[in-house]
Protein chains: 2
Amino acid sequence: MTLKELRCLLAIVDAELNISAAAEIMHASQPSLSRHLKLLEDELGFQILMRHGRSISGITPAGQEVIRLARRVVNDVASIRAYAANVRGEETGDLVLTTPQTYARHVLPPVLSTLIQRYPRLNVRIQNMGEGAAPERACDNGGDMMLVSTAGDRVPPGVALPLFRWKRMVLVPRGHALARLDRPVALGELARHALVTYESSRRSDSSLCRALSDAGLRARFACSAEDADLIKVYVRAGLGVGLVGELALEPADHQEFVVLPADPALPECVAWAILPTGRVVRDYALDLIQLLAPQLDVDDIRRAVDGSARPAWPRPRLWQSDYEDVGTPVLPSRPISGVTRLPMQTTYLG
Amino acid sequence: MTLKELRCLLAIVDAELNISAAAEIMHASQPSLSRHLKLLEDELGFQILMRHGRSISGITPAGQEVIRLARRVVNDVASIRAYAANVRGEETGDLVLTTPQTYARHVLPPVLSTLIQRYPRLNVRIQNMGEGAAPERACDNGGDMMLVSTAGDRVPPGVALPLFRWKRMVLVPRGHALARLDRPVALGELARHALVTYESSRRSDSSLCRALSDAGLRARFACSAEDADLIKVYVRAGLGVGLVGELALEPADHQEFVVLPADPALPECVAWAILPTGRVVRDYALDLIQLLAPQLDVDDIRRAVDGSARPAWPRPRLWQSDYEDVGTPVLPSRPISGVTRLPMQTTYLG
DNA sequence: GGAGGTTACGTTCAACGTAACGATC
DNA sequence: GATCGTTACGTTGAACGTAACCTCC
């Protein structure tokens, strides 16, 4: 069994069981992958993938488990590489973020700007994700970090770091019935209007629906989107009362809309960073977390990821709406890596 | 980076940094290992091992971490192999047990006999271990399972399965002052005599010492051993009052000695099986656990090992001294493996 | 000078890609 | 007949072992 065989298997699986496509991705010939797969199956003594004659049609039950284990192996190898890159003080690499649109649009820009200033050759890739969706397959997608919002207690698997808290705000066009309130909008008032809010709030177990049903009320949705900016568009178009994260509000929105706090009974949301358990985290990924949540301790994070401790995280601070006004975010002093960096040529004498 | 390189690194480390010795173990030439190590170090960009000129003198700090990660990789690969062997219904393989002498001598014989009957080609290797020693490096030694005793709450790392409980018994020669008691020996009486007991009970945080000091008493040791049979020898020689696990008592001992229960204030001991977290467990290892602790659920164990659940284990039963009298232990019905076994030639159609 | 690690070199075999083939839709 | 996987085969290069070399006790 070789790493190459395992990587081929995963490539084939990730290419939706198309060997030719997987071969392209791996920059190898198709027969080569075919062969590696066969070798692996021969060694294990059973089929991993099911065949319809000559085409691959699925994964055997045992294959599922093999794939899970194979993923662990290649992740572990990636960890060694990442660790070495940290030791070398390498400042290049990939950073694959899976994040809801709201963070990508309203939280990450200044933060990533600072990060890229520090690591000019860093390659950040932002993968969009539904506001609250895909909590299960958290970090199995190979990404380095996932950002999620929760209002309840269901934290997805992996190492979950509470970054900051934020509140939802009510958004109505000037001249709307609620516009003259000048105080938090009560749950009852929310229930009386058609709402325009996040897709994820529509689920009956969402914090919004639960807060309303706890008060004996029920939400009525005019329209929902995954994207706070789209929500604004529909509020502007008069479809209903908007309910968005304060993160998404910019100065111009306060000009155009009337923005009111929501009933305090509507729970705060928490932004979490989810790190894959056991994988070594690159220094720049920790830097990103530091920028998002200065209250977190880097060593605590490392210990949590490698499983050697289960720290009690500090309560996250409230997000300040106009991040830029508070000054450009700063990076902690370097190096943050847990080990002393060795210049490559140094000969280590005992 | 290849698996071979990682394996070479570990072989060198495990051969106490002697490449030549490691080469012998790996059935390869010494320059080959030397080369693999160099390739790995070149790829990582820093030294893993420290050199005094041409001899290897130690491990760099970063190297320690690389070794830790490398161990994880090769363990994970071993897991794939073990899983495949389970799927194939393979009944051959190694089972490396690390166990205190008492279990090896008094608990395992009938159990392993049954196991070997079921798996005639199984290769069991028993590694001796101090009665309570080496709790940290639990399963890092590459073994499949570790048996330990605890009387307190300090359970070593890994997946700890409570197998059974046992009590300590007081052992005195016929004619000894305590011999006519015919009732449990009180703590005060124990403290008045020189004791002959397990090495591990000598530690000031042992359950024996704690029980005595809680009663304002202090133990006096005449002699201690890791081996219950040695303890009997010294009791026979009149060195003091013996204190041994009931497991270690055989019919002949009741003839020769006077055996009395110890004060109930002396806590019961629990026998634990420690499995390495995350490693796939071979079916025969689970069978062994079943024989030792029929109350444990096989699927619970699998879930605990792969990290997908953290079951509440049932309270272990009390060990019965004369195991053989209760009948030969029986194995659960087969197959216990979590997956359907595939005959090797079967073509899986989707 | 011996134990133990590195360098040099020739050989071998494993892995790759091209091309031909087969099967399935 | 187009798509996709397998088999066949020739070539190349990576990895191994032997032997020579170095170097520190």
Side-chain angles (χ1 to χ4, degrees), chain A residues 1-44 46-60 63 67 74 77 344-350, chain B residues 1-44 46-60 63 67 74 77 344-350:
Chain A
M1 193 181 327
T2 67
L3 285 178
K4 217 173 269 178
E5 283 165 14
L6 298 178
R7 267 194 266 265
C8 284
L9 169 62
L10 297 182
I12 294 170
V13 171
D14 292 341
E16 288 163 331
L17 307 183
N18 181 324
I19 296 188
S20 304
E24 194 129 342
I25 291 168
M26 292 201 72
H27 307 291
S29 71
Q30 177 270 321
S32 185
L33 292 229
S34 206
R35 208 169 11 225
H36 279 305
L37 175 62
K38 184 173 158 42
L39 280 176
L40 183 58
E41 287 183 329
D42 285 352
E43 178 168 354
L44 296 188
F46 55 87
Q47 284 188 251
I48 299 170
L49 304 180
M50 297 188 285
R51 333 281 165 120
H52 267 311
R54 289 204 164 199
S55 92
I56 296 178
S57 58
I59 304 175
T60 64
I67 289 165
V74 307
V77 171
M344 288 190 59
Q345 314 84 337
T346 303
T347 295
Y348 229 87
L349 297 176
Chain B
M1 194 182 324
T2 67
L3 285 178
K4 216 172 270 179
E5 284 164 15
L6 298 177
R7 267 193 267 264
C8 284
L9 169 63
L10 296 183
I12 294 171
V13 171
D14 292 340
E16 289 162 331
L17 307 183
N18 181 323
I19 298 189
S20 304
E24 194 129 344
I25 291 168
M26 293 202 70
H27 307 292
S29 72
Q30 177 271 322
S32 186
L33 290 229
S34 207
R35 208 167 13 222
H36 279 303
L37 176 61
K38 184 172 156 43
L39 280 176
L40 183 58
E41 287 183 329
D42 285 352
E43 178 169 354
L44 296 188
F46 54 88
Q47 284 188 251
I48 299 171
L49 303 181
M50 297 189 286
R51 333 282 165 120
H52 270 309
R54 291 204 163 200
S55 93
I56 296 178
S57 59
I59 303 175
T60 64
I67 289 165
V74 308
V77 172
M344 288 189 61
Q345 316 82 336
T346 302
T347 295
Y348 229 87
L349 297 174

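Below, each value reflects all heavy atoms present in this structure, side chains not excepted, and no hydrogens, waters or symmetry copies. Lettering of chains follows the sequences in order, A, B, ..., and the numbering in each one begins at 1.
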query: Has the side chain of B/Thr60 got a donor or acceptor atom that lies under 3.5 Å from a matching backbone atom of B/Leu49?
result: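 Not at all, since once roles are kept as given, no pair shorter than 3.5 Å links the two residues.
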query: When you measure from the side chain of A/Gln30 to the backbone N and O of A/Ala23, does any donor-acceptor pair fall under 3.5 Å?
result: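 Absent.
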In whole Å, I'd like the distance from the [atom1] atom of [X] to the [atom2] atom of [N].
| X | N | atom1 | atom2 | answer |
| --- | --- | --- | --- | --- |
| B/Met50 | C/dG4 | CE | C1' | 18 Å |
| B/Ile56 | D/dC25 | CD1 | P | 14 Å |
| B/Leu40 | D/dA15 | CG | C1' | 16 Å |
| A/Glu24 | D/dG5 | CD | P | 12 Å |
| A/Ile12 | D/dT6 | CD1 | C1' | 13 Å |
| A/Leu49 | D/dC4 | CG | P | 16 Å |
| A/Glu16 | D/dC4 | CD | P | 12 Å |
| A/Leu37 | D/dT7 | CG | C1' | 15 Å |

query: With nearest nucleotides of DNA chain C determined for B/Ile19 and A/Leu39 from heavy-atom distances, which residue corresponds to the more 5′ nucleotide?
result: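 Its nucleotide being nearer the 5' end, the pick is B/Ile19.
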task: For A/Ser55 and for B/Ala21, find the nucleotide of DNA chain C with the closest heavy atom, then tell me which residue's nucleotide is more 5'.
output: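 Mapping each residue to its closest nucleotide by heavy atoms, the 5'-most match is B/Ala21.
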Taking only the side-chain nitrogens and oxygens of [X], find out if one of them lies under 4.0 Å from OP1 or OP2 of [N].
| X | N | result |
| --- | --- | --- |
| A/His52 | D/dC4 | no |
| A/Ser20 | D/dG5 | yes |
| A/Arg51 | D/dC4 | no |
| A/Lys38 | D/dG5 | no |
| B/Ser29 | D/dC16 | no |
| B/Asn18 | C/dA3 | no |

Would you say that [X] contacts [Y] through its side chain, given a criterion of any heavy-atom pair below 4.5 Å between the two side chains?
| X | Y | value |
| --- | --- | --- |
| A/Arg35 | A/Ser32 | yes |
| A/Thr2 | B/Thr2 | no |
| A/Ile59 | A/Leu17 | yes |
| A/Leu37 | A/Leu33 | no |

- request: Would you indicate what B/Leu17 reaches in the nucleic acid, counting non-hydrogen atoms under 4.0 angstrom: base, sugar-phosphate, or nothing?
  value: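 The residue B/Leu17 makes sugar-phosphate contact but no base contact.
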query: How is A/Leu33 classified with respect to the nucleic acid when contacts are heavy atoms under 4.0 Å: base, sugar-phosphate, or nothing?
result: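 No contact.
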- prompt: What pairs with A/Glu41 under salt bridge (charged side-chain N to carboxylate O under 4.0 Å, His left out), at least two apart in sequence or on another chain?
  reply: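 Salt bridge (charged side-chain N to carboxylate O under 4.0 Å, His left out) check on A/Glu41 returns A/Arg51.
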- prompt: Has the side chain of B/Arg35 got a donor or acceptor atom sitting under 3.5 Å from an opposite partner on the base of C/dG5?
  reply: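 Such a pair does not exist between side chain and base.
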Relative orientation of the end axes in the helix from C/dG1-D/dC25 to C/dC25-D/dG1, expressed as an angle to the nearest 10° (five pairs per end):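 That helix has its two terminal axes inclined by roughly 30°.
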message: Please pick, from C/dC16, D/dC16, D/dT6, the nucleotide with the shortest atom-to-atom distance to any side-chain atom of A/Ser34.
response: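 Nearest listed nucleotide: D/dT6.
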message: Show every salt bridge (Lys or Arg N to Asp or Glu O under 4.0 Å) that has at least one partner inside residues 8-26 of chain A, sequence neighbours left out.
response: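 Residue pairs with at least one partner in residues 8-26 of chain A: A/Asp14-A/Arg71.
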